[in-house]
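Scroll down for the structure; my scribbles are underneath it.
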Amino acid sequence: MKEFDVLIIGGGPAGLAAAISAYDNGAKSVCIMERDNRLGGILNQCIHNGFGLTRFKESLAGPEYADRFVKQVETRNITVMLDTTVLSLSGEKTVTAISPDRGYFEVKAKAVVLAMGCRERSRGALNIAGARCAGIYSAGTAQKYVNVKGFMPGKRIVILGSGDIGLIMARRMTLEGAKVVAVCEIMPYSSGLRRNIVQCLDDFGIPLYLEHTITKIEGKDRVTGVVVSKVDENRRPIAGTELHFDCDTVLFSVGLIPENELTKNAEIPLAKNTRGAIVYQNRETLCSGVFACGNVLQVHDLVDFVSEESELAGRCAAEYAIKGISAKGGVNVVNGKNVTYVLPQKLDLDLQSNGLIKLYFRVSGAFRNCVIALSCGDKVIVQKQKKIAVPGEMETLVIPKDKLSLIDGDLTLTLEA
Amino acid sequence: MEVVNLTCVECPVGCSINVTVDGGKAIKVEGNGCIRGKLYAENEVVCPKRVVTSTVKTTDGRLLPVKTDIPVRKSAMFEVMGLINAVVVAPPVSVGDVLVDDIFEGAKLVATGNAPTK
Ligand code: SF4
């Protein structure tokens, strides 16, 4: 059986950055398994610009961002297996996979990095009444049709959900000649970036209906229209507020879910709030030698942060493979008041020889002039002021090195309005 | 004199910027987190511009992602789309290749993806 120091599952932005970092940190044999026929993952269909501003200080299109990493993979001795679907992963870090060239095969690794990304929440999850006819797509599927396959899913579009992919697709379909008649968001605020509201909706006069949802889809063979209703504070439709829109297509942009089938089957514990694996600060899961990074771990807003997190996971996977450095025991980091999740969920303080610990988290509502605090029992370890905090934007909090000695038990992260 | 409120679209921070406009020109810019926001706001009140990203066909029937290398007039975006859609390129093409030297008012059309020879 072939054996690698570090095996990476997924060749999107997370997998690419993890592979490069694992190699550069001394892993002798690194392999990426990717189910598509090319590296780059979702970036290949994200042809809009705005990627890489943090990392490269320039505004790149998705495929350009991916290309920078693919080129780095190509100049290193990294094995890339395309068209390769991983079927299972065991706690002993044996992976079974299948591809047209190799058929069914097994590979062993000293360390594994999970980098499978996420998938879109589907329409079924929302239980909308009405017809099951043609013309209903997730925003990401529509994006693939338009940007990769080259055909338009429809001419008159209603979009449910104001996540970034939905906003980006509103602009894209408009530029390609379609009419986007409405974007409906059930919450009182958009989950997308403000710049996308401006440059994707406002630039084209596309109306955004906040606190509105689709309550019925009409049509027999093909969508002919939708009914949209205002919702109350419990997100329930208010009778008498119905609006009707004629359309031939409905796009759903209603959230992303980490794709953790492999993780679950390997019986690696997941966190309920992130739907990704529970990890230590080195991105090691509770199965030693198995690491996770990128959107399979937590859904990020920006690919730049996916790359950053994945470099950390790749480096630590190499350290595990070469020196057997592994996280264990430690303290828990839990989300308290007004915080929906914190990552990493565990800290092994014996492990922390170099660098700072950075906590990533999301808040549960829109807050102004708030205080974010990390405490250990009654002791406040770190706190910071925040002018604005919204659920659509991931927040971070750094624990300085000199504060680590104060930690003697589980930590709680809270936001006080 | 009037004050216009804008959201900067230059980076994900999305600063809320107040621009004081006099005689069709920005005379004061406030709220920008960095210098790029000032330039954005000054330009936005005179002639809003955006980078256009799209795809072109290759001679062997694939799609290649492209962008304008500089922002183009927002009011002409559909015209620019029409010009981009008429472009067909022959592989091989690599990221960064200039496909059209002047697609619109001095902007170049640049490949943002690769189309290697099959
Ligand atoms: S002003 Fe600067 S920091 Fe603020 S959104 Fe614009 S580019 Fe970003």
Side-chain angles (χ1 to χ4, degrees), chain A residues 38-40 43-54 57-68 70-71 144-151 164 168 171-172 174-177 190 192-200 202-204 300-305 387-388 390 392-394, chain B residues 5-17 31 33-34 36-37 40 44 48-58 61-85 88 93-97 110-116 118:
Chain A
R38 56 175 167 173
L39 293 171
L43 287 171
N44 288 320
Q45 68 181 60
C46 299
I47 64 161
H48 55 282
N49 62 343
F51 298 92
L53 280 159
T54 310
K57 308 280 175 265
E58 39 180 324
S59 176
L60 303 173
E64 281 180 296
Y65 187 92
D67 184 67
R68 300 221 168 166
V70 172
K71 285 212 170 92
K144 182 157 191 177
Y145 284 161
V146 179
N147 294 347
V148 180
K149 306 268 179 219
F151 60 87
D164 286 315
I168 294 286
R171 172 176 64 183
R172 183 74 186 122
T174 305
L175 282 173
E176 289 290 357
S190 164
L193 294 171
R194 225 155 72 90
R195 68 194 293 241
N196 285 336
I197 305 275
V198 172
Q199 61 185 357
C200 298
D202 299 354
D203 271 5
F204 300 95
H300 290 255
D301 311 325
L302 298 179
V303 71
D304 307 61
F305 297 138
K387 260 209 209 128
I388 301 175
V390 291
E393 279 169 44
M394 191 188 277
Chain B
N5 180 260
L6 300 171
T7 297
C8 177
V9 301
E10 295 293 311
C11 95
V13 177
C15 292
S16 173
I17 300 181
C34 75
R36 301 222 323 273
Y40 169 80
E44 192 72 5
K49 289 182 176 172
R50 301 284 185 267
V51 166
V52 175
T53 63
S54 189
T55 54
V56 298
K57 289 198 187 71
T58 63
R62 283 178 281 173
L63 281 191
L64 178 75
V66 296
K67 69 176 180 189
T68 58
D69 69 330
I70 52 172
V72 297
R73 268 194 293 129
K74 190 172 108 178
S75 55
M77 267 200 278
F78 286 97
E79 198 183 330
V80 176
M81 279 297 291
L83 295 166
I84 293 175
N85 280 337
V88 179
V93 182
S94 307
V95 168
D97 286 359
V110 178
T112 58
N114 299 304
K118 265 186 187 164

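Quick note on labels: first sequence line is chain A, next is B, and so on, each numbered from 1.
Annotation: Lys387(A), atom NZ; neighbour count of heavy atoms from other residues, nucleotides and ligands within 6.0 Å does not exceed 12.
With a threshold of 4.5 angstrom between heavy atoms, Leu175(A) approaches chain B through its backbone and through its side chain. For Ser94(B), no part sits under 4.5 Å from any heavy atom of chain A, backbone or side chain. No part of Gln45(A) comes within reach of chain B, as not one of its non-hydrogen atoms sits under 4.5 angstrom from that chain. Of the atoms belonging to Asp67(A), it is side-chain heavy atoms, and not backbone ones, that fall under 4.5 Å from chain B. Only the backbone of Val146(A) comes within contact range of chain B, with at least one heavy atom under 4.5 Å from a heavy atom of that chain.
In terms of modelled atom types and a separation under 3.5 Å, the side chain of Asn114(B) and the main chain of Val95(B) share a donor-acceptor contact. For the pair Glu64(A) (side chain) and Ala61(A) (backbone), a donor-acceptor distance under 3.5 Å is present.
Thr174(A) meets the side chain to side chain contact (heavy atoms under 4.5 Å, CB included) test with Val180(A), Phe204(A), Ile206(A), Phe78(B); sequence neighbours excluded. Scored by the side chain to side chain contact (heavy atoms under 4.5 Å, CB included) test, Gln199(A) finds Arg171(A), Arg195(A), Asn196(A), Asp203(A), Val9(B), Arg50(B) as partners (sequence neighbours excluded).
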